[in-house]
There are 2 protein chains.
Amino acid sequence: MAERAAGPGRVGRRRALDEAEVVDAALRLLDRGGVEAVSVRGVAAGIGVAPNTVYTYFPDKAALLRALAERVLAEVDHAAAGSAGLPWRDRVHALAADLRARLLARPGAVGLLLSAPMDGPHALALGETLLAVLGEAGLAPREAARACYLLIVQVLGSVALEVAELEEGPVPAERERVAARREALRAVPAEHFPRTAAMADTVAEYISTEQFTWSIDRVLDGLTAVRPAPTGDAPGTDGTGAPGTGTPGRGRRS
Amino acid sequence: MAERAAGPGRVGRRRALDEAEVVDAALRLLDRGGVEAVSVRGVAAGIGVAPNTVYTYFPDKAALLRALAERVLAEVDHAAAGSAGLPWRDRVHALAADLRARLLARPGAVGLLLSAPMDGPHALALGETLLAVLGEAGLAPREAARACYLLIVQVLGSVALEVAELEEGPVPAERERVAARREALRAVPAEHFPRTAAMADTVAEYISTEQFTWSIDRVLDGLTAVRPAPTGDAPGTDGTGAPGTGTPGRGRRS
DNA sequence: ACCTGAACACCGTTCAAGT
DNA sequence: ACCTGAACACCGTTCAAGT
């Protein structure tokens with residue numbers, strides 16, 4: 001049904017496609033059936049062209065998928081992160097939430113982002129925006145950069161695990177996905193996994209927005225927690241790499 | 001060469017395979033060529049059997065891949081996390097580092113873990129071990145569970161992004177991978193991405209062990225940072241989900 | 001430069017059949 | 001229960017050819 005892409009600029013029969021048109025077709029397939037639905041032949045069929053025509057625009061399928069990943073990142077809304085009125089934590093949350101929402105809306109997309117280097121212009125733009133917010137938060141540039149990666153990893157990783165549980169087809173509402181997890185977790189044998197079984201309700205909520213927000217909050221706490229200054233004063237190499245030394249906070253409440 | 005799996009129990013011609021043998025063959029393919037090298041036909045060929053024989057043991061390829069993911073998790077070393085002498089932070093670091101190392105040794109594996117529900121026994125065991133450590137650290141059970149997911153997401157996510165940059169074939173040493181990133185980052189246009197360009201060296205080190213350890217440390221800081229107690233005293237639903245409220249720490253050093 | 005038909009070496013999966 | 005041959009509807013990619 002209406003596979004032919006009713007773009008207004010179509011002139012005669014088939015002429016002068018461009019990269020964007022090919023990526024559009026790929027995106028349509030991605031939205032319908034996830035990453036594995038994106039095939040060179042499918043894309044070609046989607047724009048009414050022979051399979052090998054795709055190779056006029058991309059050297060191989062991997063290049064097409066990278067372009068598709070970039071295309072998805074292009075839609076992320078940087079505005080919320082940029083609005084200077086908000087506290088910086090809210091701006092990080094806004095950016096993280098927007099990225100998550102976009103990726104949940106296209107269940108195949110996160111796998112794409114995690115399986116190719118994030119080095120395209122829109123990936124860079126995302127990092128740049130986040131760097132700006134973290135810089136305004138008072139983090140030193142080096143810390144801000146590391147924090148940037150930490151946050152991106154957290155967002156992409158959690159969406160990936162969320163999406164991994166989805167069946168084909170439309171994405172159920174969050175509360176139903178949580179309910180399904182809760183049900184499945186009833187099968188966990190308490191004699192082998194006592195803590196997991198005891199906390200099944202919380203484990204069921206791993207994929208929830210609340211857990212997502214909580215995680216980001218803990219990360220932000222960690223980024224701003226007071227900790228002993230690195231050995232020297234020079235910003236060159238600092239010795240924070242050694243694990244376990246320096247335990248600034250301590251567990252509280254029982 | 002020597003594709004035939006020289007298990008000692010082979011009796012006559014071909015008889016009584018079992019699931020494990022099939023997964024073994026899949027693991028061999030995974031190690032040689034990543035996830036995309038794991039094909040039903042390849043696995044069958046690896047054990048000298050017709051392609052459709054695989055369907056005697058697994059209903060479809062997805063089930064085989066899930067079993068393969070479990071198999072990879074089975075090798076994670078829980079001992080370091082369990083040794084009661086160490087401070088709890090060190091134990092978390094040990095577990096995280098071991099998981100990362102295993103996954104870097106099998107570049108295809110992390111994609112496997114991130115594309116199927118982590119609900120097998122070894123996945124549960126990993127969570128249980130981490131829950132125990134976090135419990136001993138003084139986190140309340142509910143916090144410990146959430147923290148557990150936060151940490152797993154961080155480890156899997158960062159390894160996935162690391163691995164995404166790898167070419168086919170043997171994994172170069174970390175310092176070479178960082179150097180390659182540094183070189184590639186010289187192409188980032190400073191007029192569009194000034195902060196990224198300025199911090200290129202740190203960005204190049206995103207995939208380093210040092211960044212990995214730093215990230216885990218910041219997460220652990222966040223988990224133990226003193227923060228305002230949730231609204232009530234009841235451990236039921238707490239209101240921590242609201243973003244932006246509560247800014248326990250503040251950026252320091254300029 | 002852009003597009004094609006035809007072919008290559010692959011896939012996952014099913015089915016009816018054999019032991 | 002376990003394994004097979006043969007077939008189905010697919011893949012990504014290459015090549016020589018056409019405009």
Side-chain angles (χ1 to χ4, degrees), chain A residues 3-5 7 9-26 28-30 32-69 108 111-112 115-116 167-168, chain B residues 3-5 7 9-26 28-30 32-69 108 111-112 115-116 167-168:
Chain A
E3 213 65 274
R4 199 54 173 66
R10 192 57 110 274
V11 187
R13 226 18 183 359
R14 76 183 39 123
R15 40 161 57 270
L17 300 165
D18 61 349
E19 272 188 38
E21 212 161 345
V22 179
V23 176
D24 277 356
R28 258 172 278 144
L29 292 176
L30 183 73
R32 289 178 124 270
V35 218
E36 65 202 18
V38 183
S39 70
V40 173
R41 296 177 107 104
V43 167
I47 54 186
V49 114
N52 42 6
T53 298
V54 172
Y55 293 87
T56 306
Y57 301 95
F58 296 97
D60 53 25
K61 189 188 180 182
L64 169 59
L65 292 182
R66 278 199 302 275
L68 184 53
L112 232 47
S115 58
E167 315 268 331
E168 283 293 291
Chain B
E3 214 65 275
R4 201 54 174 65
R10 192 56 110 273
V11 185
R13 225 19 185 355
R14 74 185 39 126
R15 35 161 59 271
L17 299 165
D18 61 348
E19 273 188 36
E21 212 162 346
V22 179
V23 176
D24 277 356
R28 258 171 279 144
L29 292 176
L30 182 74
R32 288 180 124 269
V35 218
E36 64 202 17
V38 183
S39 70
V40 173
R41 296 177 108 105
V43 167
I47 53 186
V49 114
N52 42 4
T53 298
V54 172
Y55 293 88
T56 306
Y57 300 95
F58 297 96
D60 53 23
K61 188 188 179 181
L64 169 59
L65 292 182
R66 278 199 303 275
L68 184 53
L112 233 47
S115 58
E167 315 271 331
E168 284 294 290

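The sequence lines fix the lettering, A, B, ..., with proteins before strands; numbering per chain opens at 1.
- A close approach under 4.0 Å does occur between a side-chain nitrogen or oxygen of A/Thr53 and OP1 or OP2 of C/dT4.
- In this structure A/Ala37 satisfies the side-chain contact (heavy atoms from CB on, under 4.5 Å) test with no other residue, sequence neighbours excluded.
- Under the rule for a side-chain contact (heavy atoms from CB on, under 4.5 Å), the partners of A/Ala69 that lie at least two apart in sequence or sit in another chain are A/Leu112, A/Leu113.
- The two residues A/Pro51 and A/Arg41 have their closest heavy-atom pair at CB-CG, 4.0 Å.
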Nucleotide pairing, DNA chain C (Watson-Crick or G-U, distances under 3.5 Å), in dot-bracket with [ ] and |: ||.|||||...|||||.||
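- Between A/Tyr55 and the phosphate of C/dC2, there is no side-chain N or O to OP1/OP2 separation shorter than 4.0 Å.
- If A/Ala50 and B/Pro51 are placed on DNA chain C by their nearest nucleotide, the residue sitting closer to the 5' end is A/Ala50.
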Taking N or O atoms only and anything under 3.5 Å, show me the protein contacts with nucleotides 6-11 of chain D, one pair per line.
residue: D/dC11; atom: OP1; partner: A/Ser39; partner atom: OG; Å: 3.4

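- For the pair B/Ile47 and B/Ala25, the tightest heavy-atom approach, listed with the atom from each and the gap, is CG2-CB, 3.7 Å.
- The nearest pair of heavy atoms linking B/Gly46 to B/Arg28 is O-NH1, 3.9 Å.
- Distance CD1 (A/Ile47) to C1' (C/dC2): 12 Å, rounded to an integer number of Å.
- Nearest heavy-atom pair across A/Ala44 and A/Ala50 is CB-O, 3.6 Å.
- Residues meeting the side-chain contact (heavy atoms from CB on, under 4.5 Å) test with B/Ala20, sequence neighbours left out: B/Asp18.
- Here B/Ala67 pairs with B/Val23, B/Phe58 under the side-chain contact (heavy atoms from CB on, under 4.5 Å) rule; sequence neighbours left out.
- When rounded to the nearest whole Å, the span between CG of B/Asp18 and C1' of D/dC2 equals 13 Å.
- The separation between A/Glu19 atom CD and C/dA1 atom P is 15 Å, rounded to whole Å.
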